[in-house]
K.L.:
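Below: one structure in structure tokens.
From a predicted model like this one, the values you see are computed outputs, not experimental measurements.
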Amino acid sequence: MTEPPHSYLAAIRESYDTVAADYVQLVKEPGELDPLSRAMLGAFAEDVGGGGPVADMGCGPGKVTAYLAGLGVEVFGIDISPRMVELARRAYPDLTFTVGSMTQPPVGDGELGGVLAYYSTHHTPPDQLPLVFAEFHRTLAPGGRLMLAGHVGDDQLRRPTQAYGGHPVSYESHLIPPDRIAGLLTRAGFTLTARLIQEPAEGSQRTYATFLARKPDPDRPAAS
């Protein structure tokens with residue numbers, strides 16, 4: 001499978017290379033997140049158990065990757081931004097980080113026990129999400145777990161010109177309804193096991209959604 005020749009991938013790579021240093025300083029540590037967000041990460045870590053390695057797809061500077069490692073997860077990170085990967089390797093030298101795209105992750109078929117996509121898919125145009133979700137499914141072993149979390153909305157398209165310290169960016173953010181994300185995950189072959197919608201906090205206009213899902217295992221009962 002070849003990587004789609006879309007400029008959005010170059011825009012994501014160049015933008016996050018540009019903002020990387022300030023992103024590290026401005027984005028919260030996972031331990032500082034709200035209780036529900038921490039609980040969902042903890043639930044994913046417990047659910048994936050010893051089922052095999054977990055890929056943090058779109059890992060950025062590795063903060064969440066390291067948080068999962070601290071919860072006992074065998075985890076590594078993949079990010080499209082070489083600068084983000086450089087910073088992640090510097091901050092967490094005991095973990096593995098690789099440059100790669102969610103549209104063509106450098107992972108073999110069925111190699112993973114889990115996939116985490118933590119606030120990393122909203123820059124993907126909606127018509128490309130089936131490809132990304134198919135890659136998540138491909139890389140997971142039967143029974144493997146997926147956690148996807150991110151911004152949602154009513155088909156809003158945002159085109160910021162600056163971010164994270166005022167640096168220029170050229171990526172887009174696509175905020176689509178959570179029901180559509182759930183439907184796309186189901187059509188990609190996943191079984192949804194949990195869905196959490198977090199309404200905007202005071203002073204914020206952003207709604208967040210977290211999905212937990214698994215790749216069915218034909219050798220195990222559906223309720224397992």
K.L.:
Would you call Ser81 and Ile12 a side-chain contact if the rule is heavy atoms closer than 4.5 Å?
P.N.:
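Not in contact.
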
K.L.:
Check this for me: does any side-chain nitrogen of one of Arg180 and Asp154 sit under 4.0 Å from a carboxylate oxygen of the other?
P.N.:
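Salt bridge: no.
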
K.L.:
On a heavy-atom basis, which atom in Arg138 and which in Gly108 lie closest, and how many Å separate them?
P.N.:
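For Arg138 and Gly108, the tightest heavy-atom pair comes out as NH1-C, 3.5 Å.
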
K.L.:
I'd like a table of donor-acceptor pairs (distance under 3.5 Å, sequence neighbours excluded) in which one partner is a side-chain atom from residues 38-55, with atom names and distances.
P.N.:
unit_1: Arg38; atom_1: NH1; unit_2: Leu33; atom_2: O; d: 2.4
unit_1: Asp47; atom_1: OD2; unit_2: Arg145; atom_2: NE; d: 3.0

K.L.:
Can you name the nearest heavy-atom pair linking Val152 to Ala209, along with the distance?
P.N.:
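Looks like CG1-CB, 3.7 Å.
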
K.L.:
When you look at Glu199 and Ile197, which way does the side-chain contact (heavy atoms from CB on, under 4.5 Å) test go after all the steps?
P.N.:
CA-CA 6 Å; Glu199 301 297 339; Ile197 309 298; 4.0 Å; yes

K.L.:
Might you point out which heavy atoms bring Lys215 and His137 nearest each other, and give the distance in Å?
P.N.:
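Reported closest heavy-atom pair: NZ-O, 2.9 Å.
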
K.L.:
Can you tell if the side chain of Phe76 reaches within under 4.5 Å of the side chain of Leu112, non-hydrogen atoms only?
P.N.:
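Yes, side chains in contact.
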
K.L.:
Spell out, yes or no, whether Tyr171 and Leu129 are grouped together once hydrophobic residues are joined by side-chain heavy atoms under 4.5 Å, including indirect joins.
P.N.:
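Each belongs to a different hydrophobic cluster.
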
K.L.:
Applying a strict under-4.5 Å side-chain criterion to I, L, V, M, F, W and Y, I'd like to know whether Leu184 and Leu146 cluster together.
P.N.:
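Yes, Leu184 and Leu146 fall within the same hydrophobic cluster.
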
K.L.:
For the side chain of Asp79 and the backbone of Val85, is there at least one donor-acceptor N/O pair under 3.5 Å apart?
P.N.:
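Checked: no pair found.
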
K.L.:
From Leu196 CG over to Thr210 OG1, what is the distance, rounded to the nearest 0.5 angstrom?
P.N.:
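Answer rounded to 0.5 Å: 5.0 Å.
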
K.L.:
In the structure I gave you, are the side-chain heavy atoms of Met57 and Thr139 within less than 4.5 Å of one another anywhere?
P.N.:
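The answer is yes; the side chains approach within 4.5 Å.
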
K.L.:
Are the side chains of Val132 and Glu135 in contact, using a 4.5 Å heavy-atom criterion?
P.N.:
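Side chain of Glu135 against side chain of Val132, heavy atoms only: no contact under 4.5 Å found.
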
K.L.:
Can you see which heavy atom on Ser101 is nearest to which on Ile80, and at what distance?
P.N.:
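Shortest heavy-atom separation between Ser101 and Ile80 comes out as CB-CD1, 4.3 Å.
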
K.L.:
Quick test of your reading of the model: are Arg158 and Glu172 salt-bridged, counting only N-O distances below 4.0 Å?
P.N.:
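Salt bridge absent between Arg158 and Glu172.
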
K.L.:
Are His122 and Tyr208, when compared by the centres of their aromatic rings, separated by less than 6.0 Å?
P.N.:
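When the ring centroids of His122 and Tyr208 are compared, they turn out to be at least 6.0 Å apart.
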
K.L.:
Is there a side-chain contact between Pro216 and Phe190, using heavy atoms and a 4.5 Å cut-off?
P.N.:
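Pro216 does not reach Phe190 side chain to side chain.
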
K.L.:
Verify side-chain contact (heavy atoms from CB on, under 4.5 Å) between Arg159 and Leu157, making sure each step is shown before the conclusion.
P.N.:
CA-CA 7 Å; Arg159 293 190 175 99; Leu157 173 61; 3.2 Å; yes

K.L.:
Between His151 and Thr207, does the side-chain contact (heavy atoms from CB on, under 4.5 Å) criterion hold? Intermediate values first, please.
P.N.:
CA-CA 6 Å; His151 310 291; Thr207 301; over 6 Å; no

K.L.:
Under 3.5 Å, is there a donor on one side chain and an acceptor on the other for Tyr8 and His174?
P.N.:
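The answer is no; no qualifying pair exists.
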
K.L.:
Grouping I, L, V, M, F, W and Y whenever their side-chain heavy atoms are under 4.5 Å apart, do Val27 and Tyr118 come out in a common cluster?
P.N.:
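No; tracing contacts between hydrophobic side chains, which count when under 4.5 Å, never links both residues.
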
K.L.:
Examine Leu36 and Leu192 and state if one hydrophobic cluster contains both, with Ile, Leu, Val, Met, Phe, Trp and Tyr joined whenever side-chain heavy atoms are less than 4.5 Å apart.
P.N.:
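No, Leu36 does not connect to Leu192 through the hydrophobic network.
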
K.L.:
Set out, in order, the CA-CA distance, both residues' side-chain angles and the distance that settles side-chain contact (heavy atoms from CB on, under 4.5 Å) for Leu68 and Leu116, then state yes or no.
P.N.:
CA-CA 10 Å; Leu68 285 181; Leu116 174 70; 3.7 Å; yes

K.L.:
Is any side-chain heavy atom of Phe211 closer than 4.5 Å to one of Leu185?
P.N.:
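They are in contact (side-chain heavy atoms under 4.5 Å apart), so the answer is yes.
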
K.L.:
Do any side-chain atoms of residues 87-95 form donor-acceptor pairs under 3.5 angstrom with protein atoms, and if so which ones, sequence neighbours left out?
P.N.:
unit_1: Arg89; atom_1: NE; unit_2: Phe97; atom_2: O; d: 3.0
unit_1: Arg89; atom_1: NH2; unit_2: Phe97; atom_2: O; d: 2.8
unit_1: Arg90; atom_1: NH2; unit_2: Glu86; atom_2: OE2; d: 2.9

K.L.:
Roughly how far, to the nearest 0.5 Å, is the OG atom of Ser37 from the NZ atom of Lys28?
P.N.:
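Lys28 NZ to Ser37 OG: 8.5 Å, rounded to 0.5 Å.
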
K.L.:
Return the CG to OG1 distance between Asp56 and Thr98, rounded to the nearest 0.5 Å.
P.N.:
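One gets 11.5 Å once the value is rounded to the nearest 0.5 Å.
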
K.L.:
Working to the nearest 0.5 angstrom, can you tell me the gap between Phe133 CZ and Thr124 OG1?
P.N.:
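Between Phe133 CZ and Thr124 OG1, I get 8.0 Å after rounding to 0.5 Å.
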
K.L.:
Indicate, with yes or no, if Tyr23 and Val99 share a hydrophobic cluster defined by side-chain heavy-atom contacts under 4.5 Å among Ile, Leu, Val, Met, Phe, Trp and Tyr.
P.N.:
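They do not share one cluster, since no chain of ILVMFWY contacts under 4.5 Å joins Val99 to Tyr23.
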
K.L.:
What are the two closest heavy atoms between Pro142 and Pro218, and how far apart are they?
P.N.:
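Shortest heavy-atom separation between Pro142 and Pro218 comes out as CB-CD, 4.2 Å.
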
K.L.:
Restricting to non-hydrogen atoms, name the atom on Gly165 and the atom on Leu26 that form the minimum distance, rounded to 0.1 Å.
P.N.:
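Taking Gly165 first and Leu26 second, the nearest heavy atoms are N-CD1, 3.6 Å.
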
K.L.:
Can you confirm whether Ile181 sits close enough to Ile176 that some side-chain heavy atom of one is under 4.5 Å from a side-chain heavy atom of the other?
P.N.:
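With C-beta onward as the side chain, the pair touches.
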
K.L.:
Are the side chains of Tyr16 and Arg83 in contact, using a 4.5 Å heavy-atom criterion?
P.N.:
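They are not in contact (no side-chain heavy atoms under 4.5 Å apart), so the answer is no.
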
K.L.:
Rounded to the nearest 0.5 Å, what separates atom CG in Leu148 from atom CZ in Arg195?
P.N.:
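So the gap between those two atoms works out to 12.0 Å.
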
K.L.:
Rounded to the nearest 0.5 Å, what separation is found between the OG atom of Ser173 and the NE2 atom of His123?
P.N.:
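The distance works out to 4.5 Å.
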
